[in-house]
Amino acid sequence: MYHDRGPEMSRARWILLTLCLAVVSPAGAQERPLAFRGARILPITSAPIENGVLVVQGGRIVAVGPADRVAIPNNAEVHDVSGKVIMPGLVDTHSHIGGGDGGDRSDSMHGDVRVIDALDARHESIQKAQAGGITTANIMPGSGLLMSGQTAYVKLRDGRTIYDLLICKDVLSQICGGLKMANGTNPRGEPPRPGTRAKAAAQVRALFIKAQEYRDRIKAANGDESRLPQRDLELETLVEVLEGKRIVHHHTHRHDDILTVLRLQREFGFRLVLHHVSEAWKVADEIARSGVPASIIVLDAPGGKLEAIDVSNENGAALERAGALVGFHTDDGITDSRFFLRSAALAVRAGMSRDAALYGMTMAGARILDLQDRIGSLEVGKDADFIVLSGDPLSVRTRVEQTWVEGVKVFDLADPADRAYAVGGHKVSRPTVSFHHHDMEGHE
Amino acid sequence: MIRRTPFSAVTMAAVRPLAAAGIAVAFALAAIPSRAAAQVAVRAETLYTMAGPAINDGVVLIGRDGKIERVGPASQVRIPDGYRVLTAKVATPGLVDAHTVVGLSGYLNQPHEQDHLDRTNAIQPELRAFDAYNAEEALVRWLREHGVTTIHTGHGPGALMSGQTMVVKTRGRTVEEALVDSVTMVAMTLGPEVSANYNGRPGTRAKGMALVRAEFIKARDYAKRRKAADESRQPARDLKLEILARVLDGEIPALITAQRATEILAALRLQKEFGFRLILDGAAEAYLVLDEIKAAGIPVILHPTMARHTGSLENATFETAVRLRNAGIPFALQSGYEAYVPKTRVVLFEAAAATTYGLSTEDALAAVTIDAARIIGQDRRVGSLERGKDGDVVLFDGDPFEFTSHVCGVIIEGQVVSETCR
């Protein structure tokens with residue numbers, strides 16, 4: 001466990017922490033098997049298991065099944081979790097934890113800008129997200145620009161640096177996230193930002209066409225360095241997008257804006273996830289037909305943002321009925337990571353099936369981030385990312401009691417320091433300016 | 001209709017009795033036209049009356065006048081012929097939101113419909129809530145469909161004195177149709193956000209306190225001079241000082257938004273100096289000064305359970321409700337003010353979330369029914385299901401606090417105002 005509570009943290013704790021990290025990193029080096037028995041297990045990709053056993057070792061799941069079918073290894077450290085519920089760690093497909101930022105007002109598109117260059121692995125928002133049962137997050141730059149930068153796919157490990165959290169192993173040679181884009185009112189503004197929706201689409205198309213030409217020139221050079229175009233960081237990123245190696249995560253609210261994004265996707269053929277989709281209920285069939293997944297947010301009330309006033313908590317149900325893949329997000333701080341499970345419950349309240357909602361919190365999120373082979377369900381060989389709940393995941397009375405990432409416990413409600421992150425209190429959060437939409441959404 | 005004649009007679013119980021000083025209430029309302037409400041009976045597997053233990057298989061009868069006729073177990077309360085019968089798994093009194101800005105702070109979040117805070121002057125207690133209430137605002141309906149039948153709404157936090165508040169039912173096309181109490185409290189705020197809203201006037205919290213104290217002293221003097229036997233020696237009417245005089249008289253409480261412990265203590269200090277009736281609002285750091293609040297005997301309208309832990313709420317916890325409960329401090333929950341998305345919270349959800357963090361179901365329900373009604377001074381009409389009270393009932397298809405349950409019926413004064421499952 002890692003609690004950076006600022007200057008009061010003792011030297012002894014630092015040393016202990018360093019030792020712990022040495023043991024747990026690289027991720028999943030835990031050797032002695034851990035067995036969790038007695039819980040109701042929700043593997044998500046298969047039927048719930050009453051009185052289940054989950055065995056993890058080396059950061060992976062090595063066995064999961066009913067107690068009478070899964071043998072607990074002799075050397076296992078056994079955790080009796082009778083009466084609890086175990087499910088996969090939650091996947092937040094759109095978050096702003098970690099205090100990061102993105103592109104600035106010098107341009108409307110910043111494919112070259114990386115959120116990882118501004119993230120703080122010690123930010124308390126990460127501990128709070130662990131307390132909410134989130135184990136994987138897509139940390140995004142804001143939506144105040146057409147293209148605000150590259151996102152980061154992270155595991156919510158207890159880390160000292162952002163490198164301890166990233167899912168990719170090498171930020172210089174690998175693709176470590178997606179690309180954040182936005183349309184509608186947020187990115188509008190004075191030049192170089194677009195003044196209208198049509199202008200916004202034209203700017204995006206022009207950049208993608210440049211990227212296609214850049215890609216073609218590289219191809220035509222055929223390895224001949226003298227014929228290669230000059231390196232362009234933004235176009236390089238867009239070539240990754242055009243080649244399907246980097247997914248576009250697109251903020252969009254109004255139904256016509258949603259269709260605009262789908263049109264751009266058809267023109268340039270990139271991999272896409274639609275985010276927020278406040279008016280998805282108006283174009284659920286179009287979204288489903290496009291095969292593009294949607295990541296939804298669930299809110300206490302409509303309003304507050306003019307282009308999103310028609311937002312409906314029935315989006316999840318409508319998209320499910322239409323056959324689209326639906327994930328969820330907190331958009332933390334729009335909703336607090338500690339209430340992420342509540343999003344699933346409210347979606348069910350508004351008509352989504354329980355199965356689709358729980359799938360949406362886990363496996364759909366994994367697929368949305370292209371991590372379906374590693375996370376999202378409790379299956380042998382997958383990362384040992386799971387949460388121990390006091391009861392049913394959709395019940396208001398349920399608490400997240402433990403959060404495990406790759407076989408390491410990163411949150412324990414019984415630990416007073418962890419508990420403070422779970423409930424708040426004096427000096428749990430660092431001083432902030434008042435919450436304002438400018439901070440989160442990059443408005444004017 | 002609102003009459004502009006300043007000294008007109010008051011015709012509605014909604015408007016508080018005239019102050020002893022003879023300060024007249026500035027408006028009057030025509031009586032609400034009687035609604036042809038049918039006689040309604042609610043039968044619920046579990047009936048929370050909030051006036052005793054929950055009743056299994058309980059019945060509430062509401063008469064044509066919209067008032068509750070009888071409450072009790074179905075075995076003892078026969079539903080007369082001709083009553084429209086609504087059934088539910090669970091029924092509760094109509095929910096009471098102890099503090100909101102809904103109806104003044106519109107859901108479009110555009111300047112033309114943000115009427116909870118005027119930014120020209122940090123001290124404007126004379127601003128009346130009913131002059132700015134939009135009964136047809138989408139968020140009023142949203143609250144109603146989620147079981148909130150009574151709201152204490154009006155001028156918001158953010159000014160030293162932002163204006164007045166009122167109590168309305170979440171029904172009607174006009175403020176007249178919605179109104180329960182026209183002047184309920186004077187909304188005040190202590191804290192650095194005031195400086196941000198008023199261009200540094202005041203520029204500090206201490207300066208803000210000095211301005212507030214000076215205003216109350218002026219009002220005390222004004223009230224005294226208005227009583228002068230020689231009319232020619234009376235000062236000219238001053239709307240600002242007039243309402244503050246009513247606060248000083250104890251007729252109208254001050255609702256002081258104070259999140260940090262520093263501000264909470266400052267509010268208690270003000271109350272001690274001027275002796276007005278105080279209700280603490282927000283009170284995110286109340287858990288740091290429980291003894292002081294308890295000793296002062298001040299009730300608290302606590303911030304929404306799920307309020308963001310940023311700005312002046314950076315030290316907030318999800319457990320403050322249960323700590324107030326354990327300290328024996330009367331409190332209610334509120335939806336509060338939201339500057340962005342979501343544009344309002346819903347006290348049903350905020351009470352539900354409080355149960356996650358240790359508050360019992362009964363105590364959480366009380367915080368959005370009878371305890372809220374007491375703090376806003378309306379417990380004789382709303383907040384519990386008792387004979388003679390308003391027939392405001394919410395019907396649920398399951399545990400009211402489970403996020404997967406639905407509100408499937410809302411009744412305000414005998415009228416079924418919502419039957420969609422939300």
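The analysis underlying the following values was restricted to heavy atoms, covering all of them including side chains, and did not include hydrogens, waters or symmetry mates. Quantities reported herein were computed from a predicted structural model and do not represent experimental measurements. Protein chains get the first letters and strands the later ones, always in sequence-line order, with residue 1 at the start of each.
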Side-chain touch A/Arg338/B/His309, heavy atoms, less than 4.5 angstrom:
yes

Does a side-chain heavy-atom distance below 4.5 Å link A/Arg397 with B/Thr361?
yes

Below 4.5 Å from any heavy atom of chain B, which atoms of A/Ala422 appear? Answer side chain, backbone, both or neither.
backbone

Contact between B/Asn109 and A/Leu306 at the side-chain level, heavy atoms closer than 4.5 Å - yes or no?
no

Nearest 0.5 Å please: distance from the CD atom of B/Gln110 over to the NZ atom of A/Lys305.
10.5 Å

Any side-chain donor paired with an acceptor under 3.5 Å for B/Thr356 and A/Arg342?
no

A side-chain contact here means heavy atoms from C-beta on lying under 4.5 Å apart; do B/Glu402 and A/Ser395 qualify?
yes

Side-chain heavy atoms of A/Asp300 within contact of B/Thr344, under 4.5 Å
no

Measure B/Leu313 against the heavy atoms of chain A and call it side chain, backbone, both or neither at under 4.5 Å.
neither

Between B/Ser405 and chain A, with a heavy-atom cut-off of 4.5 Å, which part of the residue counts as in contact: side chain, backbone, both or neither?
backbone

Would you say the ring centroid of A/Phe339 lies under 6.0 angstrom from that of B/Phe403?
no

Answer yes or no: is there a side-chain heavy-atom contact under 4.5 Å between A/Ile334 and B/Tyr340?
yes

Applying a strict 4.5 Å limit to non-hydrogen atoms, the region of A/Thr398 in contact with chain B is backbone

Check whether any side-chain heavy atom of B/Arg308 lies under 4.5 Å from a side-chain heavy atom of A/Thr335, and answer yes or no.
no

With side chains defined as the heavy atoms from C-beta onward, is the minimum distance between A/His276 and B/Val341 less than 4.5 Å?
no

